[in-house]
J.: 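Could you have a look at this structure, given as C-alpha cells, before my questions?
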There are 2 protein chains.
Amino acid sequence: MYVVKVATDTAPRAPLSPAAIVAAGITLADEQGVDALSMRNLARSLGYEVMSLYNHVRNKDDLLTLMVDAVAAEIDLPDPSAPPLVAVRAMAVSTNAALARHPWAAPLWLRQAPGPARMRQMDDLLRLMYASGLSRELAHHGFHAVNNHVLGYTLQRLGMGLEGTDLEDKARDFMAGLDADTYPFMVAHIHEHLDGHTGSSFELVLDLILDGLVRLDREAR
Amino acid sequence: MYVVKVATDTAPRAPLSPAAIVAAGITLADEQGVDALSMRNLARSLGYEVMSLYNHVRNKDDLLTLMVDAVAAEIDLPDPSAPPLVAVRAMAVSTNAALARHPWAAPLWLRQAPGPARMRQMDDLLRLMYASGLSRELAHHGFHAVNNHVLGYTLQRLGMGLEGTDLEDKARDFMAGLDADTYPFMVAHIHEHLDGHTGSSFELVLDLILDGLVRLDREAR
DNA sequence: TCGTAGAACGTACAGTGTACGTACCGCCCA
DNA sequence: TGGGCGGTACGTACACTGTACGTTCTACGA
C-alpha cells in the first residue's frame with residue numbers, strides 16, 4: 001500500500017523543547033492573557049498537537065512554574081560594589097519592573113513552587129539584608145517587608161485591571177457608578193489619581209520601609 | 001396516568017436564596033478549598049440541582065464577588081472615639097484576621113469587583129487617613145501602603161500553602177530539598193522561622209509604615 | 001378553579017487538563 | 001546492511017468545568 005504524504009502546512013516549525021514551549025507560553029500569556037494559555041492554544045501557536053507538549057513538560061503546573069522562573073531570571077543581579085541596602089532597593093525596583101512586563105506572573109509568583117532563578121533572587125536578597133548591618137531580627141523582617149511590598153504593589157496595580165487599558169478611562173467609568181454622598185472619600189481619592197499630582201507610591205513606601213528599618217535598628221542599640 | 005412520588009431524600013432542605021448560596025459557598029470554600037467550589041459541588045451541598053442556583057445568582061463570578069464582600073463585612077468598623085491612626089491600625093489587624101479566617105478570599109480580593117462592604121471599608125480607611133493630620137499626599141500614599149501591606153502579607157502567608165497543614169512540617173520538607181551550599185541564606189532564614197524567636201512581621205512592619213508616615217510628615221513641615 | 005409567575009430541573013455544548021495506546025523517525029550496534 | 005530501540009508526535013478518550021435553553025412543577029392571587 002502506498003501512503004502519499006501531503007504537506008498540509010508549509011510553515012517550517014521550530015523543534016519542540018522545554019525552552020521553546022516556555023518561551024511560547026510567555027509570549028502567549030503576555031499578548032492574550034493567562035486565561036488564553038491553554039495547552040491546546042499553546043500547542044496550536046507552536047504548530048504542534050497538544051499531547052506533544054507533554055514530552056517536554058510534565059504538566060501545565062510544571063509549565064507555569066518554569067514560566068514564572070523565567071520571569072524571575074529577568075531580575076537584575078545585585079551590584080556587588082553597591083552598599084547592601086542600596087542593592088536591596090535596586091533589586092526591588094528591578095523585580096517590580098519584571099513583574100510589570102509580565103502581568104500574569106505576579107499572581108502565579110506565590111502559587112507556583114520557586115524555581116532556581118527565584119531561589120537565587122531570594123538568597124541574594126537575604127544575603128544583602130544580613131550584610132546591611134541591621135540586627136539579625138530586623139534583617140529577617142526586612143526581607144519579608146520588601147518582598148511583600150514589591151509583590152503587593154504589582155498585584156494591587158494589576159488587580160484593578162489597569163494593564164492594557166487606559167487607566168483614566170477605567171477610573172472614570174468606575175467613578176461614574178459611585179455615589180459621592182455615600183463614598184465621598186473614595187471619590188476624592190480617585191480624583192487625586194486622575195489629577196496625577198501624587199507621585200508613585202511604590203518607591204516612596206519602599207524608602208519608608210528601608211529607612212524605617214535602619215532607624216529602628218539605631219534606636220534599639 | 002398515575003405518577004407515584006417517591007421521597008428519595010428525607011432531609012428537609014433550606015429554601016434557596018442568594019444569602020443561603022453565598023453562605024454555603026463560603027463554608028464549602030473554607031472547608032474544602034476554593035478549587036472544590038464548583039457550581040455542581042455547591043448545588044449538591046445545598047441539596048439542589050445546578051441550574052437552580054442561577055435563579056438567585058447571575059453566574060459564578062457574581063457569586064464570588066458576593067462571597068468576597070461577605071468576608072469584607074466581617075471587618076470591624078473603626079472605633080469613632082479612637083485617634084485616626086490607631087483606628088487605621090485596628091482596621092488593618094481586623095482585615096488581616098478576616099482574610100486569615102477565609103484563605104480563599106485574599107486572591108479574589110483584587111480580581112473581584114468591590115461590593116458595598118468593601119466600598120464601605122475603603123471609604124472608612126480613607127476617611128481615617130485624611131483625618132489623621134497627615135498631609136493630603138501622605139494620606140493618599142498611606143492608604144495604598146496599608147492596604148498593600150495587609151493584603152500582601154496574607155497572600156504571602158497563604159501562597160506558601162501554610163493554611164491547613166503544619167507549618168513546621170512544610171518548612172522542613174522544603175528545606176530538605178535545599179542545598180545549604182548554594183542557598184545558605186535561605187536555609188538560615190527558614191531556620192529562624194522554625195526556631196520561632198522572631199515575632200510576627202505583620203504588626204512590626206505595619207507600625208514601621210504608620211510611624212514612618214508621621215515622621216515623614218513632621219520632617220516636611 | 002384557573003392563570004400565571006417564579007423556582008427547580010434535565011439536557012446539551014463547548015472548553016479544560018491529561019491518561020493511554022499507537023505510529024513514526026533517527027541512531028547505535030551487530 | 002540490517003535491526004531493534006528510545007524518543008517524539010499524534011489521536012482518541014475521559015472526567016470535569018460553566019452555563020444556555022427549554023420543560024416541568026408548585027404556590028398563590030383572582
J.: Could you state the CG-C1' distance from B/L16 to C/dC9, rounded to the nearest angstrom?
T.: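 From B/L16 CG to C/dC9 C1': 12 Å.
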J.: Whole angstrom is fine here: how far is it from CG in A/D35 over to P in C/dG17?
T.: 11 Å
J.: Side-chain donor-acceptor pair under 3.5 Å between B/R157 and A/N148, yes or no?
T.: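 No.
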J.: Round to the nearest Å and state the distance from B/M39 atom CE to D/dA15 atom C1'.
T.: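 Rounded to the whole Å, the gap is 19 Å.
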J.: Report the distance from atom OH of B/Y54 to atom P of C/dT11, rounded to the nearest whole Å.
T.: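 Taking OH of B/Y54 and P of C/dT11, I get 18 Å after rounding.
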J.: Once you round it to whole Å, what is the distance between C1' of D/dT8 and NE2 of A/H56?
T.: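 My rounded result for the distance is 6 Å.
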J.: Could you check how far CG of A/N55 sits from C1' of C/dC24, rounded to whole Å?
T.: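 Rounding to the nearest Å, CG of A/N55 and C1' of C/dC24 are 13 Å apart.
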J.: Nearest to the side chain of B/E49, heavy atoms from C-beta on, is which of D/dC10, C/dG10, D/dT19?
T.: C/dG10
J.: Tell whether B/R40 reaches the base of D/dT19 with its side chain through a donor-acceptor pair below 3.5 angstrom.
T.: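 Check passes, donor-acceptor contact within cut-off.
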J.: OP1, OP2 of D/dT17 versus side-chain N and O of B/S38: anything below 4.0 Å?
T.: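 So the side-chain polar atoms of B/S38 do come within 4.0 Å of the phosphate oxygens OP1 or OP2 of D/dT17, strictly under.
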J.: Any side-chain heavy atom of A/P184 within less than 4.5 Å of one from B/Y130?
T.: no
J.: Drop me the distance from B/H149's NE2 to A/I209's CD1, to the nearest 0.5 angstrom.
T.: 8.0 Å
J.: Output the rounded distance in Å from CE (A/M51) to C1' (D/dC14).
T.: 12 Å
J.: Backbone N or O of A/V57 within a donor-acceptor pair of the A/D62 side chain at under 3.5 Å?
T.: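 No, because the side chain of A/D62 does not come within donor-acceptor range (under 3.5 Å) of the backbone of A/V57.
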J.: Which nucleotide in the set D/dC10, C/dT18, C/dC9 lies at the smallest distance from any side-chain heavy atom of A/K60?
T.: C/dT18
J.: Once you round it to whole Å, what is the distance between C1' of D/dT8 and OH of A/Y48?
T.: 9 Å
J.: Counting just side-chain N and O atoms, does B/S52 come under 4.0 Å of either OP1 or OP2 of C/dA7?
T.: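 The answer is no; no side-chain N or O of B/S52 sits under 4.0 Å from OP1 or OP2.
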